[in-house]
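This chain uses plain numbering: 1 for the first residue, then up along the sequence.
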Amino acid sequence: RHVSTQSTMGRLYLVSDILHNSSASVKNASAYRSQFQQNLKPIFKHLRDTYESIDGRITADKMKEQVLVVLRVWQAWFLFPDGFLDDLEETFSPRPKTKASTSGSASSADTDMEDVDGVPLDDIDGIPLGDGDVDGMPLDDGDFDGVPLDDIDGAPLD
């Protein structure tokens, strides 16, 4: 059964409200926090599944931002042990694997040419970037817009 993004986020906010009230000085209120802590990882897996099923980038980015704000608020409330919220964030939004993390032998040049989503940046529009020749004009001649680079302000570079 499909649940809308708004309903999913509404449920997260409900959990957040309950967690906030679990710090009240009422007998057994902290039991709610303990019970939620045991069940938050599956909840955040569901949040990730919902996030990944969103077609629109703006809507997906908005949801991601809302989830991360909730995590930061929980962090400010000191609800859970160190590292637990980081685990929840990782569960919600796993970082993309790069060549370096999968093979262990990629050079820094290989990883520099990857975007955060793992797509190489060297051929975005179908035309390879090449070596320093972005606009068709090589930069190795020391001339920028007709002004030599060694004398850009009227005084030679030392």
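Using a 4.5 Å cut-off between side-chain heavy atoms of Ile, Leu, Val, Met, Phe, Trp and Tyr, with links allowed through other members, L19 and L14 fall into the same hydrophobic cluster.
F92 has its side chain out of reach of T50: every pair of non-hydrogen atoms, C-beta onward, lies at least 4.5 Å apart. You'll find the side chain of R48 stays beyond 4.5 Å of the side chain of K64, heavy atoms only. Under the 4.5 Å side-chain criterion, counting only non-hydrogen atoms from C-beta, Q66 is in contact with Y13.
Across all non-hydrogen atoms, the minimal contact from S22 to R33 is OG-CB, 3.6 Å. Taking each heavy atom of V3 and S7 in turn, the nearest pair found is CG1-CB, 3.4 Å. Nearest heavy-atom pair, L47 versus M9, reported as atom, atom and distance to 0.1 Å: CD2-SD, 4.5 Å.
Considering OG of S30 and CG of N21, their distance stands at 13.0 Å, rounded to 0.5 Å. Annotation: the span from T8 atom OG1 to I43 atom CD1 amounts to 11.5 Å, rounded to 0.5 Å. For the atom pair I18 CD1 and F36 CZ, the distance stands at 4.0 Å (nearest 0.5 Å). The distance from the OG1 atom of T91 to the CG atom of L40 is 10.0 Å, given to the nearest 0.5 Å. Expressed to the nearest 0.5 Å, how far NE2 of H20 lies from CG of L79 amounts to 8.5 Å.
A donor-acceptor contact under 3.5 angstrom links the side chains of W74 and S16, judged on distance only.
More than 12 non-hydrogen atoms from other residues, nucleotides or ligands lie less than 6.0 angstrom from CD of Q38. Residue-environment remark: CD1 (I58) stays at or below the threshold of 12 foreign heavy atoms within 6.0 Å.
Legend: residues meeting ring-ring contact (aromatic ring centres under 6.0 Å, His included) with F80, ordered by chain and number and at least two apart, are F84.
Salt-bridge annotation for D61 and R57: present, with a side-chain N of the basic residue lying under 4.0 Å from a carboxylate O of the acidic one.
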- request: Might you work through the side-chain contact (heavy atoms from CB on, under 4.5 Å) test for Y32 and V15, ending with a clear yes or no?
  value: CA-CA 10 Å; Y32 287 102; V15 168; over 6 Å; no
Report the C-alpha distance between Q75 and E89 in whole Å, list the side-chain angles of each, state the deciding distance to 0.1 Å, and finish with yes or no for side-chain contact (heavy atoms from CB on, under 4.5 Å).
CA-CA 11 Å; Q75 185 177 33; E89 183 174 346; over 6 Å; no
